[in-house]
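In what follows, residues are counted from 1 in the order of the sequence shown.
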Amino acid sequence: MATLTALTKGGTAWTPQYVESIDMNKCLGCGRCFKVCHRNVLELRPINEHGEFVDDDDDDDDEVLRKVMTITNADDCIGCEACANICGKKCFTHAPAAV
């Protein structure tokens with residue numbers, strides 16, 4: 001299977017690695033990855049004590065345990081891996097695109 005490969009300005013081969021998943025058990029919800037991604041690929045979402053996503057609009061704050069990062073627009077990822085590079089917990093999994 002072939003993968004998408006490009007060249008840098010200097011002529012070096014580069015294979016973009018696109019975001020595939022985020023390990024919610026490792027994610028602290030710090031938002032650093034969200035801040036470096038300018039393509040709106042990621043979103044911080046609240047989860048309850050059972051690991052289920054809950055509405056951010058709920059008035060019952062007792063239900064929200066913490067917030068974790070999720071992938072909402074994977075098709076907008078450009079494969080730069082800035083999110084993974086900034087993540088201190090190494091929550092991200094990336095893979096090249098098959099062509």
Side-chain angles (χ1 to χ4, degrees):
M1 177 185 322
T3 58
L4 175 67
T5 303
L7 294 177
T8 65
K9 185 176 180 179
T12 306
W14 176 66
T15 303
Q17 300 287 323
Y18 300 95
V19 66
E20 283 199 333
S21 65
I22 301 172
D23 187 341
M24 289 185 357
N25 295 320
K26 290 182 182 178
C27 181
L28 299 175
C30 67
R32 291 187 294 176
C33 55
F34 179 80
K35 291 177 184 175
V36 299
C37 180
H38 298 285
R39 305 283 303 166
N40 296 321
V41 174
L42 307 172
E43 180 182 22
L44 198 57
R45 294 192 53 203
I47 59 172
N48 63 18
E49 62 189 20
H50 306 291
E52 302 164 335
F53 291 109
V54 294
D55 281 341
D56 212 7
D57 299 335
D58 285 348
D59 293 335
D60 187 16
D61 288 336
D62 297 333
E63 193 174 309
V64 175
L65 176 65
R66 64 187 180 111
K67 290 188 176 185
V68 295
M69 199 57 64
T70 59
I71 302 167
T72 56
N73 298 310
D75 290 343
D76 289 339
C77 180
I78 60 171
C80 69
E81 295 183 88
C83 54
N85 292 334
I86 198 79
C87 181
K89 291 294 187 175
K90 307 299 179 206
C91 300
F92 289 85
T93 302
H94 288 77
V99 288

Pairs under 3.5 angstrom only: tabulate donor-acceptor contacts from the side chains of residues 64-81 to other protein residues two or more places apart or in another chain.
from, atom 1, to, atom 2, distance (Å)
R66, NH1, C27, O, 2.6
R66, NH2, M24, O, 2.8
T70, OG1, E43, O, 2.9
T72, OG1, V41, O, 3.3
N73, ND2, N40, O, 2.6

Let me confirm one number: the [atom1]-[atom2] distance from [X] to [Y], rounded to the nearest 0.5 Å.
| X | Y | atom1 | atom2 | answer |
| --- | --- | --- | --- | --- |
| Q17 | T3 | CD | OG1 | 8.0 Å |
| H94 | T15 | NE2 | OG1 | 14.0 Å |
| I22 | C83 | CD1 | SG | 7.0 Å |
| L7 | W14 | CG | CH2 | 11.0 Å |
| L28 | C91 | CG | SG | 6.5 Å |

Is there any salt bridge (Lys or Arg N to Asp or Glu O under 4.0 Å) pair reaching into residues 15-36, and which pairs are they, with sequence neighbours excluded?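 Sorted pair list comes back empty.
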Side-chain heavy atoms under 4.5 angstrom apart, residues restricted to Ile, Leu, Val, Met, Phe, Trp, Tyr: same cluster for I86 and V19?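 Shared cluster, no.
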V36 with F34, same ILVMFWY side-chain cluster at under 4.5 Å: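 Each belongs to a different hydrophobic cluster.
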Suppose clustering is done on Ile, Leu, Val, Met, Phe, Trp and Tyr with side-chain heavy atoms closer than 4.5 Å. Which residues sit in the same group as Y18?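 The other cluster members (ILVMFWY side chains, heavy atoms under 4.5 Å, direct or chained) are L4, V99.
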Can you check whether F53 reaches P46 side chain to side chain, under 4.5 Å on heavy atoms?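 SC-SC contact between F53 and P46 ruled out.
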